[in-house]
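First, the structure itself, so that you have it in front of you.
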Number of protein chains: 2
Amino acid sequence: MTDQAFEAHDHDACISGGVASVEQICADRGLQFTRTRQRVLEILLSEHKAMGAYEILDILRADGLGSQPPVAYRALEFLTKHGFAHRIERLNAFIACSHLEDPHAPVFLICRSCDRVVEAESDPSKGEIGRAAKQAGFVIERAVREAEGLCPGCSKPA
Amino acid sequence: MTDQAFEAHDHDACISGGVASVEQICADRGLQFTRTRQRVLEILLSEHKAMGAYEILDILRADGLGSQPPVAYRALEFLTKHGFAHRIERLNAFIACSHLEDPHAPVFLICRSCDRVVEAESDPSKGEIGRAAKQAGFVIERAVREAEGLCPGCSKPA
DNA sequence: TCTTGCTACGATATATCGTAACGACTATGC
DNA sequence: GCATAGTCGTTACGATATATCGTAGCAAGA
Ligand SMILES: [Zn+2]
Ligand SMILES: [Zn+2]
Ligand SMILES: [Zn+2]
Ligand SMILES: [Zn+2]
């Protein structure tokens, strides 16, 4: 059930599966999965790391898909708006979603050593944020939950 | 036990008490609570809202305490490093700490309507982030927990 | 056909947020 | 006093994000 980005896995399947799933979802919902949007998703899927908008833009530029900031930001807005990618506030950067199945409230684990990011999932209304909100009479619309630290591989001494 | 920023309270006491407490802590620890650092803390305490570095800088400039970005960022670094203020990642902005007593892991409730921010407190190793981390073998060093939504006042229809 | 509404795209400019680097001054401990 | 570390002021720059204006394509309906 938990995401495997910290462990060895068939990453080509992450990429091809991710693109195919989003393509299918867009078709179902009548969303336009344009060339630029698809390319940005591929870029985000290329590693389990968060990427900055300008880093993405550099690749788009090399691909001849646009060279100005709005090109990247529009594609990222589309992807995040529809849940195909997430923004990592701590890093001012973006990552492909790894729980495409259904609406979800992600929790991110960010390794400060190898920069890999894992997306876990859990209901924010439970847990400590939900408790604090309830006590204050606060209505949560969006929750940012990002932990920074060391992944299993990077915390091993050797 | 919970912070009162969403409710009516004696806010002058927040300011004077906050400054006095930090002054005392700095004296105890041999930290230099300089004029600029004190002024930035006062600015952060002036409202229960997060403030951007440049917004703070504008005030410092008007006070004749410096006019260039590093002036504000250095004071903010000092305040956040020693736990007298916190950075709100979601807003790229800063807020005064309201739990000066001891080391703590804050949770922030951010009202998108009135911009007020409340700092609550709870152990991140418990709750859903801790659970996700444990399952992945991830060692948490720092956790960002920020909820965005509506405060009690702003969610009331009238 | 013509118009209207909508979505996406291109391009320029600007706003906002954050640091590197350097030299001068100042508090502190010896 | 002197050495040292900490602080400060400034210049310049880098990184991130949005505003604004204009255009192209497509589909629905008059
Ligand atoms: Zn993978
Ligand atoms: Zn790692
Ligand atoms: Zn107050
Ligand atoms: Zn409010």
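Lettering of chains follows the sequences in order, A, B, ..., and the numbering in each one begins at 1.
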Evaluate the side chain to side chain contact (heavy atoms under 4.5 Å, CB included) criterion for residues B/Leu91 and B/Asp115: first the C-alpha distance (whole Å), next the side-chain angles of each, then the deciding distance (0.1 Å), finally the verdict. CA-CA 10 Å; B/Leu91 304 175; B/Asp115 293 328; over 6 Å; no
Can you name the closest pair of heavy atoms from B/Ser67 and B/Arg61 and give their distance? O-NH2, 2.8 Å
For the hydrophobic clusters of this structure (ILVMFWY residues joined by side-chain heavy atoms under 4.5 Å, transitively), does one cluster hold both B/Leu79 and B/Ile95? no
B/Glu89, B/Glu141, B/Glu146 screened by salt bridge (Lys or Arg N to Asp or Glu O under 4.0 Å) with A/Arg90, the one that passes: B/Glu89
Pairs under 3.5 angstrom, nitrogen or oxygen only, protein versus nucleotides 6-9 of chain D, please.
residue	atom	partner	partner atom	Å
D/dT7	OP1	B/Arg37	NH1	2.9
D/dT7	OP1	B/Arg37	NH2	3.3
D/dT7	O5'	B/Arg37	NH2	3.1
D/dC8	OP1	B/Thr34	OG1	2.9
D/dG9	N7	B/Arg74	NH1	2.6
D/dG9	O6	B/Arg74	NH2	2.4

Carboxylate-amine/guanidinium proximity below 4.0 Å for A/Arg39 and A/Glu42: yes
Taking only nitrogen or oxygen atoms into account, show me every contact under 3.5 Å that the protein makes with nucleotides 14-18 of chain C, one pair per line with its distance.
residue	atom	partner	partner atom	Å
C/dG18	OP1	B/Arg87	NH1	2.6
C/dG18	OP1	B/Arg87	NH2	2.4
C/dG18	OP2	B/Tyr73	OH	3.0
C/dG18	O5'	B/Tyr73	OH	3.4
C/dG18	N7	B/Tyr54	OH	2.7
C/dG18	O6	B/Tyr54	OH	3.1

What's the CG-C1' distance between A/Leu60 and C/dC9, to the nearest Å? 13 Å
Pair B/His99, B/His86: side-chain N/O donor-acceptor within cut-off below 3.5 Å: no
Is there side-chain contact between A/Arg87 and A/Asn92, with heavy atoms separated by less than 4.5 Å? yes
In whole Å, I'd like the distance from the CD1 atom of A/Ile56 to the P atom of D/dA17. 10 Å
Worked verdict on A/Thr36 versus A/Arg74 for side chain to side chain contact (heavy atoms under 4.5 Å, CB included): CA-CA 10 Å; A/Thr36 303; A/Arg74 283 169 183 158; over 6 Å; no
Rounded to whole Å, CE of A/Met51 lies from C1' of D/dT16 at a distance of 15 Å
Atom CG of A/Leu76 and atom P of C/dA8: how far apart are they, to the nearest Å? 15 Å
Using whole Å, what does the distance between atom P of nucleotide D/dT16 and atom CZ of B/Arg90 come to? 17 Å
